[in-house]
Amino acid sequence: MSRLLPAICALLLLSGAAACGPSEGPELAPRTQHSGPAGPVPAGLEQYYGQELAWGPCTEYATSSSDRSAYQDRTLECARLRVPLDYKQPQGKQVTIGVLRKPATDQDSRIGSLMVNPGGPGASGMSSAASLAGTVRSNDLGERFDLVGFDPRGIGASEPDVQCLNGPEQDADRLGSGSDGSGSGVAQTAQEVRDYTDKCVQRTGADVLAHVGTRDVVKDMDVLRSALGDPKLNYLGYSYGTRIGSEYAEQFPANVRSMILDGAIDPTQNPIDSQVAQGDGFQRAFDSFAHWCAGEDDCALGTDPAQAVGEFQRLTRPLLENPAPSGDRQLSYSDATTATIQALYAQSLWPALNTGLQQLKQGNGSLLLSLADSYYGREPDGSYTNVTDAFNAVRCVDDQRITDPAVLREADRRYREAAPFLDDGRPAGSDTDSCAFWPVPVTGEAEQPKVQGLPPTLTISTTGDPATPYQAGVNLAKALHGRLLTYEGTQHTAFLQGDSCVDEAGIDYLTELELPAEGTRCG
């Protein structure tokens, strides 16, 4: 399954630069804050809910080149939050959560903190908050809320972080051609994912891997809410961040003031159905790209959108046996399809995708490889952020594991049918993934959230969202007994991405708790 990242993150990863404007306002001096505990405190967790936060410059928290640029903004401040590794043993081992904050510019009208998560799982909330700081600086969100981003446990600047493969190992893994569906191919793939799992355990520790799931992350969020001095939570969750939000709503419904969930995951959908629905979403986005491309003078897929899938397959399938050169590296089939998925997150990336496919026709894989690098978090020096390893670690404890070969083969067949542009032409396979060998139990499950006492929430769903299909947002809004806002477009997520109708509705809700009218559509 593709990682669930909002379009703003896709653009940031591709550009390698922060979206923040220059620093405005006074430089923040290091300071210690003791504002908690605020709101209810679970028994045995008093030391965490009431802890001090030592705020200082953010530069030492950077885990990527884009972070190193964004965190130069001297109006940002960062701290570490202590939480127990295992909430059933609060006196045991501790881990720390990286936190970044852009304080409200109007302290007299300040409402509280607005906590942000960009999705993934595996994406950095600190990076997301830094990228949004310039966007909210001139509106009511920046004036009335402290914008707060956190790196969920095991991710980014949080310590310890999930580590499985080093840079050269990830490069080699991406060059693999995948299983051919034969018995020997499936066995080889199983050994490769078993080796991957062993490295995760060796380099991270089974105890950490057991506690990186969403159920623990939302407990960390409640500790952070209290330590920040907020009796109630204000939350903005994109993509997979909507799963964090709905899980928080179930565990702590009375602690919520406001919650925007944009690009929703259906909380009741099993992993296979979710993956197939996502494949259908990417196919629809590919079809939209093909229609746009056909109107350009130099479309790599030709002038007939009905033939675009076949043209794409003819262009990419040869990479299975013969990767395309890209400097001292090579573009694999997997990287070419990953690059395409990356570009389908936002229409602004479509010209880059077309250019990359044109280059591939000439035997040059450079631009597509750059798109794939941005998806995987590869840095210019060949190192990687831990976004991919963290994605796997969270997914393997959040979702029920599927190991039956017949079920896996049928899932592969359904996915190819839903997303024919991603069909490599080989027989449907029964490859297992790393979760089949994960050494710790699953802690999540697909179920209807129980949210008695939850105040009204706002779910935003985009009609042509490639990664989280529109119906998932409809279903989540209904499950939370909240309001749905529809955005007409082809992109992943919409809030704070330039549409005034969506932005005004969301800001009014967060600041005044005024929901948009039932049935509101934007775009």
Cut-off 3.5 Å, side chains only: do T511 and D140 have a donor facing an acceptor? no
Does D146 reach the side chain of L228, with side-chain heavy atoms less than 4.5 Å apart? no
Mark yes or no for whether Y71, through its side chain, and S127, through its backbone, hold a donor-acceptor pair below 3.5 Å. yes
Any T459 side-chain heavy atom under 4.5 Å of R483 side chain: no
Suppose we call two aromatic rings close when their centres sit under 6.0 Å apart. Are F286 and F312 close by that rule? yes
Student check: side-chain heavy atoms of F150 and N117 closer than 4.5 Å: yes
Atom pair CG (L81) and CE (M221), whose distance is rounded to the nearest 0.5 Å: 12.0 Å
So which atom in F252 and which in K219 form the shortest heavy-atom distance, rounded to 0.1 Å? CE1-CA, 4.2 Å
Any non-hydrogen side-chain atom of L233 less than 4.5 Å from a side-chain atom of R257? no
Q497 and T493 side chains, donor-acceptor separation under 3.5 Å: yes
Rounded to the nearest 0.5 Å, the CG atom of L261 sits from the CG atom of L236 at a distance of 8.5 Å
Is there a donor-acceptor contact under 3.5 Å linking the side chains of Y87 and D220? yes
Side-chain contact test, heavy atoms from C-beta onward, threshold under 4.5 Å: evaluate it for W55 versus V99 and give yes or no. yes
Identify whether the distance between the nearest side-chain nitrogen and carboxylate oxygen of D106 and R110 falls below 4.0 Å. no
List the steps, then state whether salt bridge (charged side-chain N to carboxylate O under 4.0 Å, His left out) holds for E512 with R144. CA-CA 11 Å; E512 307 299 331; R144 305 191 64 186; 3.0 Å; yes
Measuring from atom CG of L371 to atom CG of D335, what distance do you get when rounded to the nearest 0.5 angstrom? 10.5 Å
Heavy-atom donor-acceptor pair, T340 side chain to A336 backbone, under 3.5 Å: yes
Between the side chain of Y509 and the main-chain N/O of M259, is any donor-acceptor distance below 3.5 Å? yes
Treating D412 as the side-chain partner and G429 as the backbone partner, does any N or O pair qualify as donor plus acceptor under 3.5 Å? yes
Flag, side chain of R225 to backbone of A38, donor-acceptor distance under 3.5 Å: yes
Shortest non-hydrogen pair, L353 vs A343, comes out as CB-CB, 3.6 Å
Indicate yes or no for a side-chain donor-acceptor contact from S131 to the backbone of S128 under 3.5 Å, with no hydrogens or angles considered. yes
Quick one: do the Y470 and T486 side chains pair a donor with an acceptor below 3.5 Å? yes
Any chance the side chains of Y376 and T385 put a donor and an acceptor closer than 3.5 Å? no
Using modelled atom types only, decide if a donor and an acceptor are shared between the side chain of D262 and the backbone of Y238 within a distance under 3.5 Å. no
Salt-bridge contact R243-D399 (side-chain N to carboxylate O under 4.0 Å): yes
Should the heavy atoms of other residues, nucleotides or ligands under 6.0 Å from CD of Q452 be counted, would the total exceed 12? no
Quick one: do the D389 and N392 side chains pair a donor with an acceptor below 3.5 Å? no
Kindly say whether A372 contributes a backbone atom to a donor-acceptor pair with the side chain of Q342 at under 3.5 angstrom? no
Between Q471 and N475, a side-chain donor and acceptor under 3.5 Å: yes
Between CG of L141 and OG1 of T135, what distance do you get to the nearest 0.5 Å? 10.0 Å
salt_bridge(R414, E410) N-O dist < 4.0 Å: no
Between S246 and L476, is there a side-chain heavy-atom distance shorter than 4.5 Å? yes
What I want to find out is whether R215 reaches E250 closely enough, with some N-O distance under 4.0 Å, to be called a salt bridge. no
Looking at D151, is its backbone amide N or carbonyl O close enough to the side chain of S158 to form a donor-acceptor pair, meaning the two atoms are under 3.5 Å apart? yes
Kindly indicate, with the supporting measurements, whether the criterion side chain to side chain contact (heavy atoms under 4.5 Å, CB included) is fulfilled by D287 and F421. CA-CA 9 Å; D287 293 342; F421 84 102; over 6 Å; no
Between I155 and D161, does the side chain to side chain contact (heavy atoms under 4.5 Å, CB included) criterion hold? Intermediate values first, please. CA-CA 5 Å; I155 293 169; D161 60 342; over 6 Å; no
Given M126 and D67, is the side chain to side chain contact (heavy atoms under 4.5 Å, CB included) satisfied, shown in steps? CA-CA 9 Å; M126 298 177 70; D67 286 350; over 6 Å; no
Using the salt bridge (charged side-chain N to carboxylate O under 4.0 Å, His left out) rule, take D424 and R416 through it: C-alpha gap first, then chi angles, then the decisive distance, then the call. CA-CA 9 Å; D424 62 9; R416 293 165 186 262; 3.0 Å; yes
Would you say S109 and E143 are linked by a side-chain donor-acceptor pair, where the criterion is simply a distance under 3.5 Å? no
Between NZ of K102 and CG of L28, what distance do you get to the nearest 0.5 Å? 7.5 Å
Work out which heavy atom in V387 is nearest to a heavy atom in A123; give both atom names and the distance. CG2-N, 4.2 Å
At their closest point, which heavy atom of R395 faces which heavy atom of C435, and how far apart are they? NH1-SG, 3.7 Å
When you compare the side chains of R101 and Q33, does any donor N or O come within less than 3.5 Å of an acceptor on the partner? yes
Could you check if a side-chain atom of P449 sits within less than 4.5 angstrom of a side-chain atom of L480, using non-hydrogen atoms only? yes
Describe, in one word, how the ring planes of F289 and W350 are oriented to each other, choosing from parallel (under 30°), tilted (30 to 60°) and perpendicular (over 60°). perpendicular
What one should report as the nearest heavy-atom pair of T337 and L422 is CB-CD2, 3.8 Å
For the residue pair S461 and L484, establish whether any side-chain heavy-atom pair is separated by less than 4.5 Å. yes
Are D73 and R137 ion-paired here, with the side-chain N under 4.0 Å from a carboxylate O? yes
Check the pair V148 / L114 against side chain to side chain contact (heavy atoms under 4.5 Å, CB included), numbers first and verdict last. CA-CA 6 Å; V148 175; L114 175 61; over 6 Å; no
In Å, rounded to the nearest 0.5 Å, how long is the span from OH of Y235 to OG of S258? 12.0 Å
Going by distance alone, is a donor N or O of one side chain under 3.5 Å from an acceptor N or O of the other, for D465 and T468? yes
Just by distance, with hydrogens left out, do Y49 and D222 show a side-chain donor and acceptor under 3.5 Å apart? yes
Closest approach of L344 to P466 (non-hydrogen atoms, all atoms of both residues): O-CG, 3.3 Å
Assess the side chains of S239 and H492: does a donor N or O sit below 3.5 Å from an acceptor N or O? yes
Between S226 and V223 (side chain of the first, backbone of the second, donor and acceptor by atom type, cut-off under 3.5 Å), is there such a pair? no
